[in-house]
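Numbers here simply count residues along the sequence, with the first being 1.
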Amino acid sequence: MKDVSVIMINYNSSKFTLECIAAVETQTTDTIDYEIIVVDNNSELEDYQHLHQHFPNKPHIKLHRSTVNTGFGGGNMFGAQYADSKYLLFLNNDTLLQNDCLDILFRYMETTPTVGVATAQNYNEHGQYVACIDHFKGIRKLLFGRSLLEKLWPKNHPRRKQQYTQPVAANTVNGAFMFFRTEVFAKVGGFDNNIFLYFEEMDICYRLIQLGYSSVLVPEAKVLHYQGKSIGSSKAIDRESFLSYLYVLQKNYSWFKYQFIRNYYLITFLAKPKKWKLYVVAFRGADLSQSLKQKQEIRYFL
């Protein structure tokens with residue numbers, strides 16, 4: 001069994017994937033026995049061929065291809081089945097390790113058994129600090145906003161925009177870098193495959209809390225994250241994100257909380273023309289039959 005399995009997804013972004021792999025190799029010292037597992041999530045043929053042709057020919061770096069795009073959670077669960085390690089790092093392919101994150105997080109997790117998942121401090125491509133912890137998006141967050149939450153309940157809502165020098169627990173951590181204790185990841189059931197994109201971290205961190213585990217930022221570990229490069233943005237992606245949010249609410253919150261939040265959006269969207277594209281999603285609720293996941297097709301490359 002290895003110390004850490006690094007799992008990353010490639011979807012039409014092989015350039016970022018190859019750079020991410022190189023950064024892991026460059027920054028990781030010999031103190032950690034690790035492997036890298038790359039899942040190609042049914043990219044276009046040209047991108048997959050580029051990845052395959054330039055993929056490192058090393059025994060600890062492996063490439064597996066899915067014949068269907070299973071989304072973030074599904075792709076990571078696909079990769080996790082090949083892992084054999086004490087810890088799992090689910091790493092976005094548009095990130096670059098800036099220091100020996102694997103060793104830092106390994107040492108931290110070894111001494112803090114109540115932590116289920118940890119993340120690194122994020123910076124964007126311009127070297128600017130990026131918040132990488134957040135609060136659950138429930139009723140209080142909608143009504144009060146992040147800033148007031150942090151003032152009224154600072155113990156449970158640490159300041160997102162503050163740069164920390166010591167580990168800090170939060171409701172949820174950045175999904176671009178999630179370092180799990182493997183036994184806890186298995187205990188919590190892993191990522192929910194019903195979620196195609198977005199809010200996977202809110203869902204799994206909520207479930208971790210129910211089991212008595214915390215989610216923590218360890219600022220000593222640092223990564224550069226090209227914001228949104230691995231997925232991009234579009235109206236379809238925006239709708240998918242909101243649908244995932246409603247699904248996570250319905251799954252984890254009470255019926256009253258779910259309905260309150262859904263109706264809150266039905267009312268507030270009326271006054272926000274830019275949000276009208278999401279009105280139908282709010283009206284339907286957590287209707288996963290409308291998810292992009294249902295539109296994916298199996299493609300074989302011979």
Full working for side-chain hydrogen bond (donor to acceptor under 3.5 Å, both in side chains) between D40 and N10: CA-CA 5 Å; D40 180 78; N10 178 74; 2.7 Å; yes
Check against side-chain hydrogen bond (donor to acceptor under 3.5 Å, both in side chains), H50 and S14: CA-CA 7 Å; H50 181 265; S14 57; 3.0 Å; yes
Intermediate values then yes/no, salt bridge (Lys or Arg N to Asp or Glu O under 4.0 Å), K86 and E183: CA-CA 8 Å; K86 189 172 185 179; E183 62 178 359; over 6 Å; no
Rounded distance (nearest 0.5 Å) linking atom CZ of F136 with atom CD of E201: 10.5 Å
Any D287 side-chain heavy atom under 4.5 Å of Y247 side chain: no
Qualifying residue for side-chain contact (heavy atoms from CB on, under 4.5 Å) with V4, from D33, L89, L88, T28: L89
Candidate pair F179 and Y87, rule ring-ring contact (aromatic ring centres under 6.0 Å, His included), full reasoning: CA-CA 7 Å; F179 194 98; Y87 295 96; 5.4 Å; yes
C101/V223 under side chain to side chain contact (heavy atoms under 4.5 Å, CB included): CA gap, chis, key distance, verdict: CA-CA 8 Å; C101 294; V223 299; 3.8 Å; yes
For the student: nearest non-hydrogen atoms of Y164 and R159, plus distance: OH-O, 2.8 Å
Non-neighbouring partners of Y82 that pass ring pair (Phe, Tyr, Trp, His ring centres under 6.0 Å), sequence neighbours left out: H64, F78
N/O donor-acceptor pair under 3.5 Å between S43 side chain and N12 backbone: yes
Any M8 side-chain heavy atom under 4.5 Å of C20 side chain: yes
Intermediate values then yes/no, salt bridge (Lys or Arg N to Asp or Glu O under 4.0 Å), R160 and E150: CA-CA 9 Å; R160 297 173 61 254; E150 293 168 359; 5.3 Å; no
Pair S13-N93, side-chain hydrogen bond (donor to acceptor under 3.5 Å, both in side chains): steps then yes or no: CA-CA 8 Å; S13 51; N93 71 330; 2.7 Å; yes
Audit row: D134, K141, salt bridge (Lys or Arg N to Asp or Glu O under 4.0 Å) steps and yes/no: CA-CA 10 Å; D134 207 346; K141 184 177 177 182; 3.3 Å; yes
Polar side-chain atom of S291 near backbone of K293 as donor-acceptor pair, under 3.5 Å: yes
Stepwise side chain to side chain contact (heavy atoms under 4.5 Å, CB included) check, K2 with Y34: CA-CA 6 Å; K2 295 186 179 297; Y34 73 98; 5.7 Å; no
Check: G71 main-chain N/O paired with N69 side-chain donor or acceptor under 3.5 Å: yes
Minimum-distance pair of heavy atoms, taken over all atoms of I133 and L217: CG2-CB, 3.7 Å
Ion pair E44/R299, N-O distance below 4.0 Å: yes
Side chain Q210, main chain Y206, donor-acceptor under 3.5 Å: yes
Residues which pass salt bridge (charged side-chain N to carboxylate O under 4.0 Å, His left out) with R107, listed by chain and number, not counting sequence neighbours: D103, E220
Minimum side-chain heavy-atom gap K151-F144 below 4.5 Å: no
Partners meeting ring pair (Phe, Tyr, Trp, His ring centres under 6.0 Å) with F177 (sequence neighbours left out): none
Full working for salt bridge (Lys or Arg N to Asp or Glu O under 4.0 Å) between D192 and K251: CA-CA 11 Å; D192 185 341; K251 171 186 174 183; 2.9 Å; yes
Test log, rule side-chain hydrogen bond (donor to acceptor under 3.5 Å, both in side chains), inputs D203 and N252: CA-CA 8 Å; D203 174 64; N252 295 304; 2.9 Å; yes
Straight-line distance of I36 CD1 to E25 CD, nearest 0.5 Å: 5.5 Å
Ring centres under 6.0 angstrom apart (F72, F90): no
Exam field: side chain K222 to backbone P219, donor-acceptor pair closer than 3.5 Å: yes
